[in-house]
Protein chains: 2
Amino acid sequence: MTPATPAERSDAVRNRERLLAAARELISECGAEGLTMDRLAERAGVGKGTVFRRFGSRAGLMLTLLDDSESAFQARFLFGPPPLGPGAPGRERLIAFGSERIAYVVEFGDLVLAAENASRGRFDVPAAALWHRHIEVLLREAGFDSDPWLMAGSLSATLDPERLLHLVRDRGVAPERLAASWADLVTRVVKDA
Amino acid sequence: MTPATPAERSDAVRNRERLLAAARELISECGAEGLTMDRLAERAGVGKGTVFRRFGSRAGLMLTLLDDSESAFQARFLFGPPPLGPGAPGRERLIAFGSERIAYVVEFGDLVLAAENASRGRFDVPAAALWHRHIEVLLREAGFDSDPWLMAGSLSATLDPERLLHLVRDRGVAPERLAASWADLVTRVVKDA
DNA sequence: ATAATAAGCGGACCGTGGTCCGTTTAGTCT
DNA sequence: AGACTAAACGGACCACGGTCCGCTTATTAT
């Protein structure tokens, strides 16, 4: 039987691991801004073309680096315990989603930022589509009926990493305050109907 | 008497005008994406250094290009007739502000987009600070009392040009629908208190 | 073992925004 | 008019993300 994905060549696997290791090294040494594709290639002992073949772009690399934590986050709000996961009312889950997302963005700051500049639009990143859909579903569940899709987009925009990090880092706003404002916003949006 | 700004040299003035003219030409020929700093310099018959001396960056140039329409917009919501200008209740003015801003972004699409990438943060652009403050004031006027500053920021985020243009251009969402959703959002946020 | 083949590889190359610094020149002072 | 000076100029230069294409190599079939 031939697998749908025709099996990855062993050198490719090896190089991918080298690259990811080198990337994490570089980031812990110089921060995410300090990671350039040339340096990464050099550090990993690999040609530059290989880097792009693996990850497509710098943003793609960052996405890969975030993949584990992103999956964990998704698992928590899709299947985890309430109030983030299923079991709590929509409104509570929305509020919890916001604070968790804020915490996530603050924790992985530069990485998230660097992952944002996906070549054609940051809205087509699968993860973003998932959050959007999640918010939309919760809005409906909370009884929000007028254009929930667009409203979900507006609420998402509110959680834009660049904005959140600007507030936290350059303006000294505490994450808890952001979470409180998000909760306030959600409460008002969802209030009676 | 010596003016505070020690008077601009005549060649500088001449070059600025050449550059702006060339920029508008280039944009009308190739669109905003087609305007590169090298091409602009060449077209204007000027060194590249001069371009950067004048405008600081590509974003700065775009900002300059938008300056007239931006000022006009500001004048309208600061001093113009209601419901956009003073005279109408806060809630109405907020709603009007949103639709006008949406229309503005749709009209000047690429230019606005290109102006967004100001070197350090798009939040320090003076114009952005003004909109933010304007929204904050209107929120307060409409009786919104819990952290109006942060809420103003959240509402602003909702009007992010990249998002708006993505919806309109790539998703075929009508500007009127965006305006309606904004009105809905504002109404709920401001509702009783 | 050998040959065939497609995946993988590397690094020269490109266009871009942005910087630097030696040279030119407009405006002023005598 | 001539000299002086600070502003303005120009374009070589840099770092970066991304592309391209001829060469290498792991894998599979014989």
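So that the names make sense, note that chain A is the first sequence line, chain B the second, and so on, each numbered from 1.
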Just wondering, more than 12 heavy atoms not from B:Arg14 lying within 6.0 Å of its CZ? yes
For A:Glu25, look at atom CD and say whether over 12 heavy atoms of other residues, nucleotides or ligands are found less than 6.0 Å away. yes
Taking atom C1' of D:dC9 as reference, at what distance in whole Å does atom NZ of B:Lys48 sit? 15 Å
By nearest-nucleotide position on DNA chain C, the 5'-leaning member of B:Arg58 and A:Thr50 is A:Thr50
Check if the side chain of B:Arg9 and the base of D:dA8 share a donor-acceptor pair of N or O atoms closer than 3.5 Å. no
Interatomic distance, B:Glu42 CD vs D:dG10 P [rounded to whole Å]: 13 Å
Checking side-chain polar atoms at under 3.5 Å, does A:Arg163 have a donor or acceptor matched by the opposite partner on B:Ser154? yes
Does the pair B:Asp11 and B:Arg16 meet the rule for a salt bridge (Lys or Arg N to Asp or Glu O under 4.0 Å), with working shown? CA-CA 9 Å; B:Asp11 52 347; B:Arg16 196 186 41 241; over 6 Å; no
Closer to the 5' end of DNA chain C via nearest nucleotide, is it A:Val46 or B:Phe52? A:Val46
Here the residues of residues 11-39 of chain A within 4.0 Å heavy-atom distance, strictly under, of DNA chain C are A:Asp11, A:Ala12, A:Asn15
Rounded to whole Å, please give me the gap between CZ in B:Phe55 and P in C:dG18. 13 Å
Contact between B:Pro83 and B:Arg91 at the side-chain level, heavy atoms closer than 4.5 Å - yes or no? no
Measure CG/A:Leu40 against P/D:dG17 and give the value in whole Å, please. 10 Å
Say whether A:Asp184 and B:Ser146, considering side chains only, have a donor N or O and an acceptor N or O under 3.5 Å apart. yes
Separation of C:dT23 atom P from B:Arg53 atom CZ, nearest Å, is 17 Å
Minimum-distance nucleotide (side-chain atoms of A:Glu8 versus D:dA8, C:dG8, D:dA26): C:dG8
